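What follows is a set of notes on a single structure, which appears directly below.
Per chain, numbering begins at 1; letters A, B, ... match sequence-line order. Not measured: the values here are computed from a predicted model.
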There are 2 protein chains.
Amino acid sequence: MARPRKPMLSRERIVAAAGALVDAEGLEAVSTRRLAAELGVSGPSLYNHFRTKDAILEAVADAVSGQIDLSMFDEGDARDWRTALHDWAVSYRAALADHPRLVPVLARGPGRRPAGLRVADAVFGAMVRAGWPPAQATRIGALMRYFVTGSALSSFAQGFVDDAAAYDPREYPHLGQAHLLAEHHHRVDEGAFETGLRALIDGLALEYERQRGAAP
Amino acid sequence: MARPRKPMLSRERIVAAAGALVDAEGLEAVSTRRLAAELGVSGPSLYNHFRTKDAILEAVADAVSGQIDLSMFDEGDARDWRTALHDWAVSYRAALADHPRLVPVLARGPGRRPAGLRVADAVFGAMVRAGWPPAQATRIGALMRYFVTGSALSSFAQGFVDDAAAYDPREYPHLGQAHLLAEHHHRVDEGAFETGLRALIDGLALEYERQRGAAP
DNA sequence: ACCTGAACACCGTTCAAGT
DNA sequence: ACCTGAACACCGTTCAAGT
């Protein structure tokens, strides 16, 4: 078969297939041979389009970053920084929660990924425009990433086994209900995210007022 | 050689060697063959002591959870819930930051790991004792884990490449200084963690007062 | 330029064989 | 009980060969 007159692969097709495979079966399931089989080619063919398997995953990650809504940071948008930050975090988490198994790749940071850099640029720019000193704006970008990636990386509630016998009341006197967490993981994790996000932004607002008071 | 009269391996030796290997070279470097070689045995020998490679990593993770200070949650401790939560988060992060490459394993939750369960038990019990409703105490445990694992999983600052040319000012008008982040990553990430932790706890204190005011 | 099969140096895990 | 080598079904990546 050798070289077809019409290429069988493209970067787009590879990224789409890799994304679907990660979502369906997880990062471990993505092998070059498996991915190539899904695309109807042999393993080494992928190396005509990407330098390494990791570069494929980076491209998938950037596609996910591209789903994050940034419109709340537009110059013309009327939302104040608290509301903008909240709405952005919700969209950020939603994009990651759609592809939880990709979060370890996204957590590596933007690197040279364009969509990742656009996110960092938008939030930093908006916080500075709202009156935060640049060093604080950087910290806000960082701490929001900690919180959102942490919440999307793995379910808190699903981290507890579904088996009442696992929680010996003599060892763990307060975990008598922990075996119920897994069943309600959606509610628990959503609630914790909302509570945490609210607390984070309320706390930042306090800090903002302190700085306002101190500065001229 | 077959079976020696004195066993060559023990769970403890395997866990110690695996931990050292993860710290030195990362999770990807831990293969059963590599680990066995480090211990002077052949690969399959490990299966006499652990059912799978993953069980070895779980054991390493539990050893790290065992390093987290929980004394601030003791009944006799005089710290109020805000201070206790702060001091715990600092110790929690320090334990994880000592072994950042293990964080993806720790982020899976306690599962059946005893040290992981002790942490969950202590923080939940202390929050309830401080007056938080159980559902809120659960959320606090969850959101703290989001924030701490997110901050330990990967450096925010090191997620940006060290190359000024990567930040085209026409594409990313606010990232003119981003190439300096990697150089100061320690300061940046520490500062963001402290700012975020303070904001989180200040925000929770506001919520606590609201509940106090609303309840009888 | 873009695909192929063969090859290299790896994986996790099982299992029969040894003591 | 606890170690071994052989084996199975995999890996990521390189490379010469094909068109």
Review point. Which part of the nucleic acid, if any, lies within contact of A:S31, taking any heavy atom under 4.0 Å across all strands shown: a base, the sugar-phosphate backbone alone, or nothing?
Key: sugar-phosphate

Practice item. Return the nucleotide paired to D:dT4: Watson-Crick means purine N1 to pyrimidine N3 with N6-O4 or O6-N4, wobble means G-U with N1-O2 and O6-N3, both under 3.5 Å. Key: C:dA16

Check your understanding: Considering Watson-Crick and G-U wobble pairs with both distances under 3.5 Å, what does C:dC10 pair with?
Key -> none

Does [N] have OP1 or OP2 under 4.0 Å away from a side-chain N or O of [X]?
X	N	answer
B:T32	C:dG12	yes
A:S42	C:dT4	yes
A:H49	C:dA1	no
B:T52	C:dG12	no

Point to revise | Check: B:D74 side chain, B:G76 main-chain N or O, donor-acceptor pair, under 3.5 Å | key: no

Exercise for review: Verify salt bridge (Lys or Arg N to Asp or Glu O under 4.0 Å) between A:R108 and A:E58, making sure each step is shown before the conclusion.
Suggested key: CA-CA 10 Å; A:R108 296 197 288 227; A:E58 289 276 319; 3.1 Å; yes

Check your understanding: So which one's nearest nucleotide on DNA chain D is more toward 5', A:A29 or B:L9?
Key -> B:L9

[X] [atom1] to [N] [atom2], straight-line distance once rounded to whole Å:
X	N	atom1	atom2	result
B:E25	C:dC11	CD	C1'	16 Å
A:R34	D:dA9	CZ	C1'	14 Å
A:Y47	D:dT14	OH	P	7 Å
B:N48	C:dA16	CG	P	15 Å
B:R33	D:dA7	CZ	P	13 Å
A:M8	D:dG18	CE	P	20 Å

Exercise for review: Taking the six-membered ring for Trp and the single ring otherwise, decide whether the centroids of A:F193 and A:F147 are under 6.0 Å apart.
Suggested key: yes

Review point. Does a side-chain N-to-carboxylate-O contact under 4.0 Å join A:D87 and A:R79?
Key: yes

